[in-house]
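Following: one structure in structure tokens, then a few remarks.
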Amino acid sequence: MGVLSVTLDQWADDEINSMIEVGGNSYANAIYEAFLPEGYHKPHPDSSQEERADFIRSKYELQEFLKPSLRLVSNKGSLEATSSRKHTGSNVSLSASFNSEAGMVEFIGILKVKVIRGTKLAVRDLISSDPYVVLTLGQQKAKTSVIKRNLNPVWNEELKLSVPQQYGPLKLQVFDHDMLSKDDKMGDAEIDLQPMISAATAFGDPDLLADMQIGKWLKSPDNALARDSAVNVISGKVKQEVSLMLQNVESGEVELELEWIPLNQ
């Protein structure tokens with residue numbers, strides 16, 4: 001089957017957020033198949049390649065089963081869909097391409113990052129700090145709320161970032177919020193996304209897998225891991241718990257839970 005890319009001239013912030021919120025198979029189907037005609041039969045395992053391609057085209061390119069008010073259009077009122085053929089068995093992947101001043105960026109999935117807690121963070125005020133976390137992936141940034149006067153903060157906040165086809169490490173920074181001067185740095189770390197994304201790609205649709213470990217990112221002198229980090233399928237979701245020792249600071253660890261959601265069908 002083919003890789004189907006949706007190419008828009010310009011995307012408004014709310015349109016990009018709409019794509020980010022789609023979030024994978026179950027989320028996408030709930031939206032893109034919300035208005036399937038009564039009696040309409042979706043392709044089944046014995047359907048021909050042509051039948052499957054027609055269905056994918058109707059679902060994503062023409063958006064025939066999507067509520068009209070949710071259809072994505074560019075500010076210029078133009079929507080151009082392109083498809084390129086690449087034989088990958090029975091898998092069909094959907095990716096979004098964004099034209100911007102920085103050039104074309106093609107996203108392959110969504111990364112959910114639950115920032116759980118920090119432990120023994122560094123003091124940057126008199127006796128404490130007001131920490132918050134900033135995540136950076138490519139040109140995207142997301143940050144948690146500020147927790148006042150706490151060196152062992154519990155955020156339990158979920159942040160979302162879209163993952164480009166050419167992705168690098170996820171960068172994490174911790175800062176001390178200051179009302180009167182520049183926020184002080186409280187350490188940083190990098191997260192290698194390749195173990196999770198490569199394992200998820202190799203094993204395919206997690207909805208079809210039992211709960212199991214599918215990969216591992218190993219602690220080494222070259223990374224910030226506090227301990228080995230396993231990639232697991234849990235209830236049909238690809239997740240990874242990560243404990244990081246903050247770098248370039250006197251102390252501090254941060255615990256995260258990552259979830260990978262491919263933009264595919």
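In what follows, residues are counted from 1 in the order of the sequence shown.
- Annotation for L256 and L244: closest pair CD1-CD1, 4.0 Å, computed over non-hydrogen atoms.
- For S145, the side chain to side chain contact (heavy atoms under 4.5 Å, CB included) test picks out W155, E157, with sequence neighbours left out.
- More than 12 heavy atoms of other residues, nucleotides or ligands sit less than 6.0 Å from atom CG of L208.
- Within a 6.0 Å radius of NZ in K143, no more than 12 heavy atoms belonging to other residues, nucleotides or ligands are found.
- Considering only residues two or more places apart in sequence or on other chains, K120 meets the side chain to side chain contact (heavy atoms under 4.5 Å, CB included) condition with N152.
- Of all non-hydrogen atoms in W260 and G109, the two that sit nearest each other are CH2-CA, 3.4 Å.
- L225 and I197 fall within the same hydrophobic cluster, where Ile, Leu, Val, Met, Phe, Trp and Tyr residues are linked whenever their side-chain heavy atoms come under 4.5 Å apart, directly or through other members.
- The stretch residues 121-134 participates, sequence neighbours left out, in these side chain to side chain donor-acceptor pair (under 3.5 Å) pairs: R124-E250, Y132-D183.
- For the pair L161 and A142, the tightest heavy-atom approach, listed with the atom from each and the gap, is CD2-CB, 4.1 Å.
- A chain of hydrophobic side-chain contacts below 4.5 Å, direct or via other Ile, Leu, Val, Met, Phe, Trp or Tyr residues, connects M212 to M196.
- The hydrophobic clustering, which links ILVMFWY residues whose side-chain heavy atoms are closer than 4.5 Å, places V115 and F175 apart.
- Only one option out of R227, K219, E255, E253 pairs with S243 in a side chain to side chain donor-acceptor pair (under 3.5 Å); it is R227.
- In terms of heavy-atom proximity, L193 sits nearest to G168 at CD1-O, 4.0 Å.
- The line from CG of L126 to CZ of R149 is 12.0 Å long, rounded to the nearest 0.5 Å.
- Contact between L180 and D178 at its shortest, heavy atoms only, is N-OD1, 2.9 Å.
- Side-chain contact between Q194 and Y167 is present, with heavy atoms from C-beta onward closer than 4.5 Å.
- A pairwise comparison of heavy atoms in P131 and V174 identifies CB-CG1, 4.2 Å as the closest pair.
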Verdict with supporting geometry, L209 and F203, side chain to side chain contact (heavy atoms under 4.5 Å, CB included): CA-CA 8 Å; L209 300 176; F203 276 83; 3.8 Å; yes
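- Partner T136 forms a side chain to side chain donor-acceptor pair (under 3.5 Å) with one of E190, K141, K171 and no other, that one being K141.
- Rounded to the nearest 0.5 angstrom, S251 OG and L151 CG are separated by 8.0 Å.
- Between E241 atom CD and K114 atom NZ the span is 10.0 Å, to the nearest 0.5 Å.
- Remark: D211 CG to I234 CD1 distance equals 6.5 Å, nearest 0.5 Å.
- Remark: side-chain polar atoms of E158 are not paired, donor with acceptor, to backbone N or O of N156 under 3.5 angstrom.
- Using modelled atom types, one side-chain atom of Q140 and one backbone atom of S162 make a donor-acceptor pair closer than 3.5 Å.
- No continuous path of hydrophobic side-chain contacts links I147 to V134 [ILVMFWY only; heavy atoms under 4.5 Å].
- The CG atom of L121 sits 6.5 Å away from atom CG of L246, with the distance rounded to the nearest 0.5 Å.
- More than 12 heavy atoms of other residues, nucleotides or ligands lie within 6.0 Å of CD in Q213, so this atom counts as buried by the packing criterion.
- Summarising the geometry, atom CG belonging to L170 is positioned 9.5 Å from atom CG belonging to L159; distances are rounded to the nearest 0.5 Å.
- The closest side-chain heavy-atom distance from W217 to V242 is below 4.5 Å.
- Cluster annotation: I116 is not connected to I191 through the hydrophobic network of ILVMFWY side chains, with a link wherever side-chain heavy atoms come within less than 4.5 Å.
- Judged by distance alone, with hydrogens and angles left aside, the side-chain atoms of N232 form no donor-acceptor pair with the main-chain N or O of K239 at under 3.5 Å.
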